[in-house]
K.L.:
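So that we are looking at the same thing, I have put the structure below in structure tokens.
Below, chains carry the letters A, B, ... as their sequence lines are ordered, and counting in each starts from 1. Everything quoted here is computed from the prediction, not taken from an experiment. We use all heavy atoms of the structure for the numbers below, so side chains are in, but hydrogens, waters and symmetry mates are not.
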There are 2 protein chains.
Amino acid sequence: MSKAKIPAATIIRLSVYQRYLKKLLARGVKVVSSNDLAKQANVNPAQLRKDLSYFGRFGVRGVGYSVSTLLNSISNILGVMDERTVVLVGTGPIAQALIRQPGFSQQGYRFAAVFDIDEKNIGQEFEEDLVVQHLNELSDFVKENPVELAVVAVPSDKTQEVADRLVECGIRGILNFSPNRIKVPRGVSVQYVDFTILLDSLTYNISRHKKEEEEQKEEKAAFPKLKWGREHSWPVVQSNNTMA
Amino acid sequence: MSKAKIPAATIIRLSVYQRYLKKLLARGVKVVSSNDLAKQANVNPAQLRKDLSYFGRFGVRGVGYSVSTLLNSISNILGVMDERTVVLVGTGPIAQALIRQPGFSQQGYRFAAVFDIDEKNIGQEFEEDLVVQHLNELSDFVKENPVELAVVAVPSDKTQEVADRLVECGIRGILNFSPNRIKVPRGVSVQYVDFTILLDSLTYNISRHKKEEEEQKEEKAAFPKLKWGREHSWPVVQSNNTMA
DNA sequence: TTTGGTTTGTTTATTTTTTAACAATTGTAA
DNA sequence: TTACAATTGTTAAAAAATAAACAAACCAAA
């Protein structure tokens, strides 16, 4: 445990651990080892222990981790003990899909209001008890309801403007569904959900894998009788990279 | 340039560069420096040059990069020159939102078919010219249409089963909207779109930032007259972490 | 008790990634 | 032509992240 800088990847993993701990808890499992939990989360056990060690000591040597205790500790670290309120900005298909996503509320996020800047959408009933308000009203809304998180799903060219307004109103974390990189002041965090970038990365992996196979074939053709020699495994496409 | 291992983060960044190059091209800009492009993409200029250097030499010293040439080169590296066909699995709100996303086709991804495993959705007209088929038919579909990419938006507990079937049919890249970590054989890549993990990470950033401010305040209270001494900038929440 | 098998927490080593630095090129203007 | 300013490609240094290794601590069984 220390006050060192915590890798962003560690936080992401904590969130993954948390999810698997919830499953274990639901299954009635009381204790889990770093080995077992790491296997489920698809990471190295040492990694998991290291991740936890940034924040304290949560296990018992020779035994493992109490599922419920560790789950609590991680929730505490992440700051996700209590329900968090979120505002949604945008009313397009993505926004509509998001608000119907059960995952958010399961994880303690509650959409408290929906805003838009496109006049023609204002006043429309978005979900039961959720009427679309103009972004101008956010500042009043924030005074009544303490919100720090916003999910933004507006057209790319509006994203920066929306972000500026949000920050002005006190929003400190933005989940941005537009691919546009936005500028925010210090102390405000942004995370991007960028589908096509991920598809591009998959595309690259696939084409690289093909090229490697071809090269391997060529090599075999060049030395067809070579039976010994380099017998190592070939460098291969990584199967699972999370990063997000 | 070399045959070294390419960081996954480099590929992600290439995709970002590509997007900004498209914008520059549309604006009629002919030449761009690593400095300018890097600033837009929110990365270090050396980083950008390094990223490119893995694949070759694309610029002219003293001048910069030809926007159109670099755009082409990057598209080539990523393997996104031609249109890529994608199948969608799932028919829920997320799936419906995705298929209406203009971003995909802008980037050259075309949804060629929609599948589901839930019988009650089969046969429904999902989009114009797109009728939901049963996943059983994927294998036949692949024989006619070469597809290697799948976007999966099915309930968590079905994800592994679906993934297995996809891999069996020859799919080599999966964009998974369920938070469940899935197991796939070598040579198959998976990327996760996991909203709540990103929100958790934002939550953590916010609460950490608050704690730091408190500590700073306490410190000031403890040494109210301390004017000199440590004058460095405080470790602060990172504002933009992409990772995805 | 004591011994042996487990499993953590932490330190150390390794690997990977990022950043900085700078020589090599290029275009431009005196 | 020559000198200068700009900018790349690449090497070297620094920083960060991951993985390995192992002592410390625990439990259970003999």
Side-chain angles (χ1 to χ4, degrees), chain A residues 1-14 16-17 21 24 29-67 69-70 73-74 77 201 235 238 240-244, chain B residues 1-14 16-17 21 24 29-67 69-70 73-74 77 201 235 238 240-244:
Chain A
M1 168 154 187
S2 69
K3 235 184 163 183
K5 224 178 309 137
I6 317 289
T10 288
I11 303 303
I12 297 292
R13 283 191 297 265
L14 285 181
V16 175
Y17 303 152
L21 286 167
L24 291 172
V29 178
K30 298 288 183 215
V31 172
V32 68
S33 70
S34 61
N35 241 302
D36 286 356
L37 186 54
K39 193 175 287 173
Q40 300 192 56
N42 236 336
V43 303
N44 184 305
Q47 180 79 268
L48 186 152
R49 297 200 296 274
K50 180 87 197 201
D51 286 338
L52 294 177
S53 78
Y54 286 118
F55 301 97
R57 307 164 62 155
F58 306 99
V60 180
R61 295 178 184 204
V63 180
Y65 302 90
S66 150
V67 170
T69 306
L70 185 57
S73 303
I74 291 183
I77 292 165
S201 147
Q238 81 204 108
N240 290 284
N241 33 12
T242 298
M243 306 216 53
Chain B
M1 166 150 189
S2 67
K3 234 183 160 185
K5 223 178 309 135
I6 318 287
T10 288
I11 303 304
I12 297 292
R13 283 191 297 263
L14 285 181
V16 175
Y17 304 151
L21 285 167
L24 291 172
V29 178
K30 298 286 183 216
V31 172
V32 68
S33 69
S34 61
N35 241 302
D36 286 355
L37 186 55
K39 194 175 286 175
Q40 300 192 54
N42 236 336
V43 303
N44 184 307
Q47 180 79 267
L48 187 152
R49 297 201 296 276
K50 179 85 197 199
D51 285 339
L52 294 176
S53 79
Y54 286 118
F55 300 97
R57 307 163 62 154
F58 305 100
V60 181
R61 294 177 184 206
V63 181
Y65 302 91
S66 150
V67 170
T69 306
L70 185 57
S73 303
I74 292 183
I77 292 165
S201 147
Q238 83 206 104
N240 291 284
N241 33 12
T242 299
M243 308 215 52

K.L.:
So which atom in B:Pro45 and which in B:Asn35 form the shortest heavy-atom distance, rounded to 0.1 Å?
P.N.:
CG-OD1, 3.7 Å
K.L.:
Rounded to the nearest Å, what distance is computed from the CG atom of residue A:Leu70 to the P atom of nucleotide C:dT7?
P.N.:
16 Å
K.L.:
CG of A:Asn42 versus P of D:dA19: gap in Å, rounded?
P.N.:
11 Å
K.L.:
I need the CG-P distance between B:Asp51 and C:dT16, as an integer number of Å.
P.N.:
17 Å
K.L.:
For the helix from C:dT1-D:dA30 to C:dA30-D:dT1, measure the angle between the helix axis at one end and the axis at the other, each built from five pairs, rounding to 10°.
P.N.:
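Roughly 10°, once rounded to the nearest ten degrees.
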K.L.:
What is the separation between atom CG on B:Asn44 and atom P on D:dA16, rounded to the nearest whole Å?
P.N.:
13 Å
K.L.:
Within the structure provided, determine whether B:Asn42 and B:Val16 are in side-chain contact (heavy-atom separation under 4.5 Å).
P.N.:
no
K.L.:
Polar-atom pairs under 3.5 Å, protein N or O versus N or O of nucleotides 1-4 of chain D: list them with distances, or write none.
P.N.:
none

K.L.:
Rounded to the nearest angstrom, tell me the gap between atom NZ in B:Lys50 and atom P in D:dA14.
P.N.:
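From B:Lys50 NZ to D:dA14 P: 15 Å.
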K.L.:
Hey, are the side chains of A:Tyr54 and A:Ile77 touching, using non-hydrogen atoms and a 4.5 Å cut-off?
P.N.:
no
K.L.:
Using every non-hydrogen atom in the two residues, find where B:Ile12 and A:Ser201 come nearest and quote the distance to one decimal.
P.N.:
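What the structure gives for the nearest pair is CD1-CB, 4.1 Å.
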K.L.:
Think A:Lys5 has a side-chain N or O under 4.0 angstrom from the OP1 or OP2 of D:dA16?
P.N.:
yes
K.L.:
Counting only side-chain nitrogens and oxygens, does A:Tyr65 get under 4.0 Å of the OP1 or OP2 atom of C:dG9?
P.N.:
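Result: yes.
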K.L.:
Should B:Phe55 and B:Leu14 count as side-chain neighbours, where that means a heavy-atom distance under 4.5 Å?
P.N.:
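Yes, at least one pair of side-chain atoms sits under 4.5 Å.
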K.L.:
Do the non-hydrogen side-chain atoms of A:Leu24 and A:Gln40 ever get within less than 4.5 Å of each other?
P.N.:
yes
K.L.:
Specify the separation, in whole Å, of atom CD1 of B:Ile12 and atom C1' of C:dT17.
P.N.:
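It works out to 15 Å between those atoms.
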K.L.:
Starting from P on D:dT8, measure out to OH on B:Tyr17 and report it in whole angstrom.
P.N.:
12 Å
K.L.:
Could you please name the option among C:dT12, D:dG9, C:dT19 that lies closest to any side-chain atom of B:Arg57?
P.N.:
D:dG9
K.L.:
Between protein and nucleotides 21-30 of chain C, map the contacts as a letter string: B base, S sugar-phosphate only, - none, heavy atoms under 4.0 Å, written 5' to 3'.
P.N.:
B--BBBS---
K.L.:
Give a yes or no answer on whether the side chain of B:Ser73 reaches the backbone of B:Thr69 with a donor-acceptor pair at less than 3.5 Å.
P.N.:
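Yes, B:Ser73 side chain to B:Thr69 backbone: donor-acceptor pair under 3.5 Å.
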K.L.:
Any residue in residues 33-41 of chain B with a heavy atom nearer than 4.0 angstrom to DNA chain D? Just list them by number, or reply none.
P.N.:
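Within this stretch, B:Ser33, B:Ser34 sit under 4.0 Å of the strand.
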K.L.:
Find out whether B:Val31 and B:Val67 are in side-chain contact, i.e. whether some heavy atom of one side chain is under 4.5 Å from a heavy atom of the other.
P.N.:
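No, side chains not in contact.
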K.L.:
If a pair satisfies salt bridge (charged side-chain N to carboxylate O under 4.0 Å, His left out) and one of its residues is in residues 31-50 of chain A, list it, with sequence neighbours excluded.
P.N.:
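Those involving residues 31-50 of chain A do not exist here.
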K.L.:
Whole angstroms only, please: what is the CD-P distance between A:Gln47 and C:dT15?
P.N.:
16 Å
K.L.:
Of all residues at least two apart in sequence or in a different chain, which pass the salt bridge (Lys or Arg N to Asp or Glu O under 4.0 Å) check with B:Arg13?
P.N.:
B:Asp51
